[in-house]
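Heads up: the structure comes next, in structure tokens.
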Amino acid sequence: MIVIDTNVVIEYLKGNEIIIQTVNEYSKNYGIGITYISEYELLKYSDKKNKVLEEFIKNITVLYPDNTSAARSAEIFIKLRSSGDLINENDILIAGIALKNNNKFIILDSDFNKIRDEDIDILQI
């Protein structure tokens, strides 16, 4: 499965052709998912009746945390803190969930590139 970050979903829904092409290409082979954190971020800033967003979320997999993803997120936090490269807490949690599921990860936010983990395949668009 390919996990896409919140910013990727926003650009996808705005009609960004490069993002749409990339996401559609990967979804054919792997399927698409977002974390519940991305779902929250998208919903909190959308209209209450955003049918396009609702339909998008309904047709993908939403990934939720568990003890393993919490541990992976904590590992990421500790590594980033020790290197002085901390990133947004939500991004750390999103990465932990993606790592737990051994997923590829499509991002627009370059902060994710600070996460150096051999188990995650980050593709920045």
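Put simply, the side chain of E75 does not reach to within 4.5 Å of the side chain of L99, judged on heavy atoms.
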Only pairs under 3.5 Å count here: list side-chain donor-acceptor contacts from residues 64-71, not counting sequence neighbours, and write none if there are none.
residue	atom	partner	partner atom	Å
D66	OD1	T68	N	3.0
D66	OD1	S69	N	2.9
D66	OD1	S69	OG	3.4
D66	OD2	K100	NZ	3.2
S69	OG	D66	N	2.8
S69	OG	D66	O	3.0

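A distance of 7.5 Å separates CG in N88 from CD1 in I94, rounded to the nearest 0.5 Å. Distance CG/D5 to CD1/I37: 10.0 Å, rounded to 0.5 Å. Annotation: the span from I78 atom CD1 to L86 atom CG amounts to 11.0 Å, rounded to 0.5 Å. In this structure, CZ on R72 lies 12.5 Å from CD1 on I97, to the nearest 0.5 angstrom. Once rounded to the nearest 0.5 Å, the distance linking CG of N50 with CG of L13 reads 7.5 Å. Going from atom CG of L43 over to atom CD1 of I57 covers 4.5 Å, rounded to the nearest 0.5 Å.
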Applying side chain to side chain contact (heavy atoms under 4.5 Å, CB included) to T35 and L93, what does each step give before you reach the verdict? CA-CA 9 Å; T35 67; L93 296 170; over 6 Å; no
If you apply the rule side chain to side chain contact (heavy atoms under 4.5 Å, CB included), what do you find for Y26 with T22, and how did you get there? CA-CA 6 Å; Y26 278 96; T22 303; 3.9 Å; yes
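In the hydrophobic cluster analysis, where Ile, Leu, Val, Met, Phe, Trp and Tyr join through side-chain heavy atoms closer than 4.5 angstrom, I4 is grouped together with Y30. Hydrophobic clustering (ILVMFWY, side-chain heavy atoms < 4.5 Å, transitive): Y40 and L42 are in distinct clusters. V62 and Y45 fall into different hydrophobic clusters, defined by Ile, Leu, Val, Met, Phe, Trp and Tyr side-chain heavy atoms under 4.5 Å apart, directly or through other members.
Considering only residues two or more places apart in sequence or on other chains, T6 meets the side chain to side chain donor-acceptor pair (under 3.5 Å) condition with S38, E41. Every residue two or more places apart in sequence or in another chain that forms a salt bridge (charged side-chain N to carboxylate O under 4.0 Å, His left out) with K58 is listed here: E55.
Within a 6.0 Å sphere centred on NZ of K14, other residues, nucleotides and ligands contribute 12 heavy atoms or fewer.
Closest heavy-atom contact between S73 and G96: OG-CA, 3.3 Å.
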